[in-house]
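For reference, the structure discussed in these notes is given below.
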Amino acid sequence: MDDHLKRQSFSPEDPKLAHALFGQQNRHLQQIERLTGVRISSKGTTALLEGDTDPLDHAVRLLGELSRLLASGFSLRPPDIEYAERILKMDATAKLTDIFLDTIIVSSRNKAIAPKSLAQKAYLDAMRGNDVVFGIGPAGTGKTYLAMAMAVAMLKKKEVSRIILVRPAVEAGEKLGFLPGDIAEKVNPYLRPLYDALYDLMDFDRGQALIDNGVVEVAPLAFMRGRTLNDAFVILDEAQNTTPEQMKMFLTRLGFGSRAVITGDITQIDLPSGSTSGLIQTTAVLDRVAGVSFIRFSSLDVVRHPIVQAIVEAYDRYNRD
């Protein structure tokens with residue numbers, strides 16, 4: 001052993017949790033070893049750790065938080081370990097039970113929808129406490145999906161009477177006029193991701209019935225002009241592709257009992273060259289308005305396949321250079 005390395009052991013308070021914590025053939029421990037750079041082995045229900053002081057403390061803290069999650073009935077999977085390690089690296093005082101167990105809704109596939117990062121937790125808390133919330137950041141950070149989950153949860157609790165899902169129909173490389181079909185068929189490709197998220201949260205028949213009954217409406221942004229939206233949860237997706245005029249129009253549609261969540265990625269603007277993004281302008285205009293909250297996501301909040309985080313970070317580096 002290197003002289004400067006330190007040793008520490010960790011045992012879960014309930015020895016019965018050791019197998020779930022360590023993983024089959026110590027696979028969870030091996031994953032934590034890769035993430036933290038600390039050497040980890042096991043003896044019975046005890047994990048034996050060896051490494052430099054700071055990484056060692058971080059690894060022990062991670063094991064302790066994961067053990068508390070398991071004690072609360074959480075089913076631990078490899079991606080959760082990665083999310084947990086990221087969270088504790090950003091905030092060593094974070095309590096994983098407060099984040100991973102903050103279930104918004106259980107999907108049609110019996111999957112508990114809960115935050116997986118500090119920004120996602122802040123986003124949910126902002127949606128609970130504010131009338132207008134902006135979620136800004138790269139793809140894969142859960143901005144739209146979590147907003148959809150919150151909307152469905154509030155509809156089930158009868159806190160709102162309808163959900164309205166909106167996207168700007170931006171001609172990104174294709175002219176709408178050359179696409180086949182009527183106007184509804186022309187804009188449908190832009191709205192498809194919203195349908196996909198809805199059907200993932202509730203079964204297809206239930207989701208389609210709500211759409212047919214007008215309880216859930218999926219529409220292009222232009223269809224919002226002149227309307228007043230009362231008692232609704234309204235989501236504006238891909239908001240980086242709104243003009244300042246469109247953004248103002250949308251925000252002033254909100255009526256009594258309604259709330260809005262606006263999501264977008266300001267690094268993926270498809271507006272014509274030289275145009276101002278309404279989302280970017282809004283961050284300056286509404287920054288100090290009470291009841292409006294801005295939550296910013298980064299590549300550290302990506303919860304898709306690990307390659308997505310690597311891609312986002314690679315583009316960030318390229319744009320900085």
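Numbers here are sequence positions counted from 1. When reading the values below, keep in mind they use all heavy atoms of this one structure, side chains included, and skip hydrogens, waters and symmetry mates.
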Exercise. With a 4.5 Å limit on heavy-atom distance, are the side chains of L63 and L29 in contact?
Worked result: yes
For this session: May I ask you to decide if A114's main-chain N or O and D102's side chain share a donor-acceptor pair within less than 3.5 Å?
Result: no
Problem set entry | Student check: side-chain heavy atoms of M247 and L251 closer than 4.5 Å | yes
Problem set entry | Of all pairs that satisfy side-chain hydrogen bond (donor to acceptor under 3.5 Å, both in side chains), the ones with a partner from residues 85-95, not counting sequence neighbours | H58-E85, E82-R86, E85-K89, R86-Q309, D91-T93
Exercise. With a 4.5 Å limit on heavy-atom distance, are the side chains of I99 and Q120 in contact?
Worked result: no
Exercise. Say you draw a straight line from CG of D301 to OH of Y83; how long is it, rounded to the nearest 0.5 Å?
Worked result: 11.0 Å
Seminar exercise, completed: OG1 of T36 to CG of D54, rounded to nearest 0.5 Å, is 12.0 Å
For this session: Begin from the C-alpha positions of L229 and E217 and carry the test side-chain contact (heavy atoms from CB on, under 4.5 Å) through to its verdict.
Result: CA-CA 12 Å; L229 309 174; E217 178 181 352; 5.9 Å; no
Exercise. Y123 and I295: which non-hydrogen atoms are nearest, and at how many Å?
Worked result: CA-CG1, 3.9 Å
Exercise. Would you say the side-chain atoms of K43 pair up with the backbone N or O of L48, donor to acceptor, closer than 3.5 Å?
Worked result: no
Problem set entry | Pairwise distance CZ(R259) to CE(M154) - rounded to 0.5 angstrom | 3.5 Å
Exercise. Hey, is the main chain of A92 close enough, under 3.5 Å, to the side chain of R61 for a donor-acceptor pair?
Worked result: yes
For this session: Could you check L279 against D265 for side-chain contact (heavy atoms from CB on, under 4.5 Å), going step by step and ending with a plain yes or no?
Result: CA-CA 9 Å; L279 180 59; D265 178 0; over 6 Å; no
Exercise. Quick one: ring pair (Phe, Tyr, Trp, His ring centres under 6.0 Å) partners of F100, sequence neighbours excluded?
Worked result: F74
Exercise. Does the pair M148 and M150 meet the rule for a side-chain contact (heavy atoms from CB on, under 4.5 Å), with working shown?
Worked result: CA-CA 5 Å; M148 290 282 290; M150 184 65 75; over 6 Å; no
Seminar exercise, completed: Taking every heavy atom of A94 against every heavy atom of L88, the minimum-distance pair comes out as O-CD2, 3.6 Å
Problem set entry | Heavy-atom side-chain proximity of L236 to P168 below 4.5 angstrom | yes
For this session: Check ring pair (Phe, Tyr, Trp, His ring centres under 6.0 Å) between F134 and all other residues, then give those that pass, not counting sequence neighbours.
Result: F294
Problem set entry | Check: D203 side chain, R206 main-chain N or O, donor-acceptor pair, under 3.5 Å | yes
Exercise. Do you reckon M90 sits in the same ILVMFWY cluster as V303, going by side-chain contacts under 4.5 Å, direct or chained?
Worked result: yes
For this session: Looking only at non-hydrogen atoms, find the nearest pair between S258 and A232 and report the distance.
Result: OG-N, 2.9 Å
Exercise. Short question: side chain of E50, backbone of R39 - any donor-acceptor pair under 3.5 Å?
Worked result: no
Problem set entry | Within one Ile-Leu-Val-Met-Phe-Trp-Tyr cluster: I105 and V160, side-chain cutoff 4.5 Å | yes
Exercise. Quick check: does any side chain N or O of E238 sit under 3.5 Å from a backbone N or O of R167, one acting as donor and the other as acceptor?
Worked result: no
Exercise. Is there a donor-acceptor pair closer than 3.5 Å between any side-chain N or O of D80 and the backbone N or O of L76?
Worked result: no
Exercise. For the atom pair NE2 (H19) and CG (L17), what is the distance rounded to the nearest 0.5 Å?
Worked result: 11.5 Å
Exercise. Applying the 4.5 Å side-chain criterion to the ILVMFWY set and letting contacts propagate, would Y199 and I163 be lumped into a single cluster?
Worked result: yes
For this session: Answer whether the closest heavy-atom distance between the side chains of L201 and Y145 falls below 4.5 Å.
Result: yes
For this session: Take atom CG of L254 as the centre, draw a 6.0 Å sphere, and report whether it contains more than 12 heavy atoms from other residues, nucleotides or ligands.
Result: yes
Problem set entry | Expected output: side-chain Q208 to main-chain F204 donor-acceptor under 3.5 Å | no
For this session: Please tell me if the side chains of L101 and L69 come closer than 4.5 Å, counting only heavy atoms from C-beta onward.
Result: yes
Problem set entry | From M202 atom CE to L155 atom CG, the distance as rounded to the nearest 0.5 Å | 6.5 Å
Exercise. Side chains of T282 and T242: closer than 4.5 Å at any heavy-atom pair?
Worked result: no
For this session: Specify the closest pair of heavy atoms between S9 and T46, including all atoms of both residues, with the distance to one decimal.
Result: CB-CG2, 3.8 Å
For this session: Kindly work out whether a path of hydrophobic side-chain contacts (I/L/V/M/F/W/Y, heavy atoms less than 4.5 Å apart) joins I104 to L96.
Result: no
Exercise. Mind checking whether E245 and K248 have side chains closer than 4.5 Å, heavy atoms only?
Worked result: no
For this session: Verify the cluster assignment for L146 and I87: are they in a single hydrophobic cluster under the rule of side-chain heavy atoms below 4.5 Å apart?
Result: no
Problem set entry | Under-4.0 Å salt bridge between K121 and D125 | yes
Exercise. Roughly how far, to the nearest 0.5 Å, is CG of L70 from NE2 of H28?
Worked result: 8.5 Å
For this session: Please answer whether the main-chain N or O of L221 pairs with a side-chain N or O of Q246 as donor and acceptor at a distance below 3.5 Å.
Result: no
Exercise. Between N130 and V132, is there a donor-acceptor pair closer than 3.5 Å when you use the side chain of the first and the backbone of the second?
Worked result: no
For this session: Return yes if a side-chain donor-acceptor contact under 3.5 Å exists between S11 and T45, otherwise no.
Result: no
For this session: Walk me through it: do L271 and S277 pass the test side-chain contact (heavy atoms from CB on, under 4.5 Å)?
Result: CA-CA 7 Å; L271 293 169; S277 167; 4.3 Å; yes
Exercise. Using 4.0 Å as the upper bound for N to carboxylate O, is an ion pair formed by D231 and R162?
Worked result: no
Seminar exercise, completed: What one should report as the nearest heavy-atom pair of S298 and T141 is O-CG2, 3.5 Å
Exercise. Is R68 salt-bridged to E65, going by a charged N under 4.0 Å from an acidic O?
Worked result: yes
Exercise. So which heavy atom on T144 is nearest to which on T263, and how close?
Worked result: OG1-OG1, 3.3 Å
